[in-house]
Amino acid sequence: MIFNSLTGRKEALVPLVPGRVGMYVCGVTVYDHCHLGHARSAVVFDVIRAALIDRGYKVTYVRNFTDIDDKIIRRAREEGKTSEEIAAAYTASFHEDMDRLGVKRPDIEPLATGHIPDMIAIISALIEKGAAYSAGGDVLFRVKKFSSYGALSKRSLDEMLAGARVEVSEHKEDPLDFVLWKASKPGEPAWPSPWGPGRPGWHIECSAMAMKHLGETIDIHGGGHDLLFPHHENEIAQSEAYTGRPFVRVWVHNGFLNINREKMSKSLGNFFTIKEVLARFDPEVVRLFLLSTHYRHPIEFSDQNLRDSRSALDRAYRFLDLLERERKDASSPVHGGGGGPEDGGTSGGDLLEQVRRFEDRFDEAMSDDFNTPIALGSLFDLVRDLNRQIVSERSLGRSVPTELLGRAGEAVRRAGRILGLFQHDPRAWLEGPGGRDGDERRREVERLVAERTAARKARDFALADEIRRRLEEEYAVVLDDGPGGTIWRRKAEEGSGETGKSGGEKRGNGEERRGEAGKRGNGEAE
RNA sequence: GGCGCCGUACCCAAGUGGCUAAGGGAGCAGUCUGCAAAACUGCGAUUCAGCGGUUCAAGUCCGCUCGGCGCCUCCA
């Protein structure tokens, strides 16, 4: 089941072509670095795509770049560069962010500037059909000609007019009409067209790119909730007026990422870039955080929430590490841990049952409108259940059959592949980042641990404790004496501070606020 | 002004008519441990913003009130 913004309820996904899903998601306008709100959208649809593939669909995922637009032009002018240079730079920045977040590349990443002829073709056809008109070098869509306008955003033409915030331009026949083609001013980037040099309006590019790559009717069209109106409403109008067929079967909109209860956005200036966040938190921590709330609900960005996610992720990795160590122990002759495959016993049966139950619950959750919070809940249930089993077997002098340990680990890893989590080796994750000094640090830690083990053997606990203290203070390493020897892991480090402390103070100046300052809450209360 | 969303324990967060209100984080206590850590066990909402209503049964449906937010303009 998948929630469709158009119908307002969950529906079964019925692709146009059985077994294949065409999915288009509105990408970003490449005029600046992306903030965490953009990351949410990308991660959400990354997971949706993976869940669909897991369910056996052949998915074609298209996500565009808006690489020509007023903001890009403005930015280029400010920096004395070309629009192309700006677009290229921030496209690269976006890719870097996505790669770090483990967001897989879509199958196709079309550029608006690469589809100008397609847009012109659509616009020309719309004019012929009387759905659009040219005026003063612009081409506008005649909204009143499209009777079902407002179906997606559930508002009537009258209501929209009553809103009175619609820009009334001199060329418009009607205030609600929107631009398909925009005449360029001298010096601005321009493409030749039947209506003179100009550039595409924002909405037409998505229609053109979606239809070009996925056909006239696409199965899933997604984007942030803020795109629902007018962007997606306009896409529907122009596309359906053009083809006469339904444009999209299921509309999917992700909720906002809030900060201090407000939407994180460029125009409010209350954003943290993905790079800023990743400087303080591991990408998987960020992903877990983003997936811990259902994709349609708002999620609150805060240091505390990120730290909670880090703790939760550590718990999962500790569990995965335990599985692997148990496996080694059980198969090592030294331990002779009896847990051969035939040792199944009663607990083995329970355990297999628990793993299966987890798989079922996980799939069920993901199938129910991609309910990642429930999916994660089922995962942590499994963690608790298996930890419990392992402890109880241990107390009986036995170990859990290695096959089942492997089966459990695989189940978690499969879930992790869909969510983009648990992609690290558990020991490497727990021990902390390697890097240039990593090996050096590791050797030193190992040496101290061995030294302490010797001290413990000699029952020199004073020295052992001293070494532990040193490891914690100098290496931020915490020790864990277990039946299989001493293991160590990095202490959950405190974030380095700056970014999160302010907790979303608005950025005072910044170009984003230009002309917008005071739009809200500028102190002039009535 | 129009349309819409949200309000669940200290924090985060599922649950959308019916078993004891998932799960994570934090806290406290216990088991284990030379000491720790982890893990496990127990404690923690007789209650789901408030008030009415529908129903045999409501956190879940309806109405009102209070509080927060979003879209209507570029925005994931």
Side-chain angles (χ1 to χ4, degrees), chain A residues 8 10 25-29 31 34-45 69-71 150 153-156 158-167 202 222-231 233 253-258 261-268 288-289 292-294 296-300 302 304-316 318-319 321-322 361 365 371-381 383-384 386-392 394-395 430 456 459-462 464-465 468-469 472 478-482 486-489 491 512 516 519:
Chain A
K10 291 185 198 173
V25 174
C26 292
V28 295
T29 300
Y31 75 104
C34 288
H35 60 65
L36 205 62
H38 300 106
R40 182 180 194 192
S41 185
V43 167
V44 160
F45 287 103
D69 141 289
D70 290 355
K71 281 181 295 226
S153 54
K154 285 147 190 84
R155 43 189 103 188
S156 70
D158 294 345
E159 285 164 6
M160 287 183 249
L161 278 172
R165 285 169 78 177
V166 211
E167 183 194 349
W202 175 40
H225 199 256
D226 44 3
L227 299 182
L228 196 143
F229 186 88
H231 185 54
E233 194 74 70
H253 293 98
N254 66 275
F256 298 135
L257 179 90
N258 289 343
R261 308 226 133 61
E262 277 182 323
K263 175 187 172 188
M264 184 181 282
S265 74
K266 276 283 162 59
S267 49
L268 286 177
L288 179 61
F289 161 69
S292 62
T293 296
H294 185 87
R296 280 192 280 119
H297 295 175
I299 187 170
E300 176 76 15
S302 74
Q304 236 245 332
N305 291 166
L306 265 301
R307 274 192 251 109
D308 287 356
S309 292
R310 179 168 58 201
S311 298
L313 190 58
D314 278 346
R315 176 171 162 81
R318 264 184 249 119
F319 167 72
D321 182 48
L322 177 65
R361 288 176 62 204
N371 197 325
T372 53
I374 290 206
L376 288 166
S378 70
L379 192 143
F380 282 105
D381 276 336
V383 169
R384 189 196 346 89
L386 289 205
N387 275 332
R388 187 172 12 208
Q389 284 285 1
I390 289 169
V391 165
S392 112
R394 225 183 239 166
S395 72
L430 294 172
R456 289 179 69 216
R459 303 196 65 78
D460 184 352
F461 296 121
D465 289 348
R468 187 216 298 282
R469 196 192 55 75
E472 180 164 350
V478 180
L479 299 181
D480 181 356
D481 299 326
T486 299
I487 58 172
W488 59 277
R489 66 193 151 79
K491 227 161 102 179
E512 292 78 17
E516 296 286 307
K519 252 233 164 104

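Since we're looking at a predicted model, the values are computed, not measured. Chain identifiers are assigned alphabetically (A, B, ...) following the order of the sequence lines, protein sequences preceding nucleic acid strands; residue numbering begins at 1 within each chain. Values below: every heavy atom of this structure, side chains too, minus hydrogens, waters and symmetry copies.
With hydrogens and angles disregarded, no donor-acceptor distance shorter than 3.5 Å links the side chain of A:Arg456 to the backbone of A:Phe461. Side chain of A:Ser302 to main chain of A:Asn305: a donor-acceptor pair is present (N/O by atom type, distance under 3.5 Å, no hydrogens or angles). Side chain of A:Ser311 to main chain of A:Arg307: a donor-acceptor pair is present (N/O by atom type, distance under 3.5 Å, no hydrogens or angles). In terms of modelled atom types and a separation under 3.5 Å, the side chain of A:Glu472 and the main chain of A:Val478 share no donor-acceptor contact. Although no hydrogens or angles enter the test, the distance criterion places a donor-acceptor pair under 3.5 Å between the side chain of A:Glu300 and the main chain of A:Arg261. With hydrogens and angles ignored, the 3.5 Å screen pairs no side-chain donor or acceptor of A:Ser41 with any backbone N or O of A:His38. With hydrogens and angles ignored, the 3.5 Å screen pairs a side-chain donor or acceptor of A:Arg40 with a backbone N or O of A:Phe256.
For the pair A:Phe229 CZ and B:A76 P, the computed distance is 17 Å after rounding to whole Å. A:Lys263 has its NZ atom 14 Å from the C1' atom of B:C5, to the nearest Å. Between the P atom of B:A39 and the CD1 atom of A:Ile390 lies a distance of 12 Å, rounded to the nearest Å. With rounding to whole Å, A:Arg155 atom CZ is found 10 Å from B:G4 atom P. The distance between atom CZ of A:Phe289 and atom P of B:A13, rounded to the nearest whole Å, is 8 Å. Going from atom CG of A:Asp314 over to atom C1' of B:A26 covers 15 Å, rounded to whole Å. If you measure from atom CD1 of A:Ile299 to atom P of B:A76, you get 18 Å, rounded to the nearest angstrom. The distance from atom CG of A:Asp226 to atom C1' of B:C5 is 14 Å, rounded to the nearest whole Å.
When both pairing distances are held under 3.5 Å, B:C48 makes no Watson-Crick or G-U pair with any nucleotide shown. Using Watson-Crick or G-U wobble geometry with both donor-acceptor distances under 3.5 Å, B:C56 finds its partner in B:G18. Nucleotide B:C5 forms a pair with B:G68, judged by Watson-Crick or G-U wobble geometry with both contacts under 3.5 Å. Under the Watson-Crick and G-U wobble criteria, each requiring two contacts below 3.5 Å, nucleotide B:A38 is left unpaired. The partner of B:C74, taking Watson-Crick or G-U wobble pairs whose two distances both stay under 3.5 Å, does not exist in any strand shown. Nucleotide B:C10 forms a Watson-Crick or G-U wobble pair with B:G25, both donor-acceptor distances falling under 3.5 Å.
Comparing the P positions of B:A21 and B:A9 gives an interatomic distance of 15 Å, to the nearest angstrom. Nucleotides B:C72 and B:U16 have their C1' atoms positioned 28 Å apart, rounded to a whole Å. Comparing the same atom, P, in B:G17 and in B:C61 gives a spacing of 8 Å after rounding to whole Å. Across B:A29 and B:G34, the matching C1' atoms stand 22 Å from one another, rounded to whole Å. Here, B:G23 and B:C40 have their P atoms 12 Å apart, quoted to the whole Å. When the P atom is compared between B:G4 and B:U65, the two are found 16 Å apart, to the nearest whole Å. The C1' atoms of B:G24 and B:A14 are separated by 11 Å, rounded to the nearest whole Å. Rounded to whole Å, the separation between the C1' atoms of B:C3 and B:A13 comes to 28 Å.
Here A:Gly37 lies in heavy-atom contact (under 4.0 Å) with a base. At the heavy-atom level, A:Phe256 lies under 4.0 Å from base atoms of the strands shown. Contact annotation for A:Leu227: backbone-only contact, meaning every heavy-atom pair under 4.0 Å involves sugar-phosphate atoms and none involves a base. Looking at heavy-atom distances under 4.0 Å, A:Asp480 makes contact with a base. Using a 4.0 Å heavy-atom criterion, one finds that A:Gly255 contacts the bases of the nucleic acid, with or without backbone contacts as well.
Along RNA chain B, the nucleotide nearest A:Ser41 and the nucleotide nearest A:Asp481 are compared for position; the residue whose nucleotide lies closer to the 5' end is A:Asp481. Between A:Val478 and A:Arg459, it is A:Arg459 whose nearest contact on RNA chain B lies nearer the 5' terminus.
Looking at the side chain of A:Asn387, the nearest of the listed nucleotides B:C72, B:C40, B:G70 is B:C40. Counting only heavy atoms from C-beta on, A:Asn258 has its side chain closest to B:C69 among B:A36, B:C69, B:A37.
A donor N or O paired with an acceptor N or O is found under 3.5 Å between the base of B:A36 and the side-chain atoms of A:Arg468.
The residues A:Asp226 and A:Lys263 are annotated as salt-bridged, a charged nitrogen and a carboxylate oxygen being separated by less than 4.0 angstrom.
A close approach under 4.0 Å does not occur between any side-chain nitrogen or oxygen of A:Arg456 and OP1 or OP2 of B:G34. Note on A:Asn254: every side-chain N or O is 4.0 Å or more away from OP1 and OP2 of B:A76.
Side-chain contact, A:Ser378 with A:Asp381: no donor N or O sits under 3.5 Å from an acceptor N or O. The closest side-chain donor-acceptor pair between A:Asp69 and A:Thr29, if any, does not fall under 3.5 angstrom.
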Scan nucleotides 14-25 of chain B nucleotide by nucleotide, 5' to 3', and note B when protein non-hydrogen atoms come under 4.0 Å of the base, S if they reach only the sugar-phosphate, - if neither. SS------BSBS
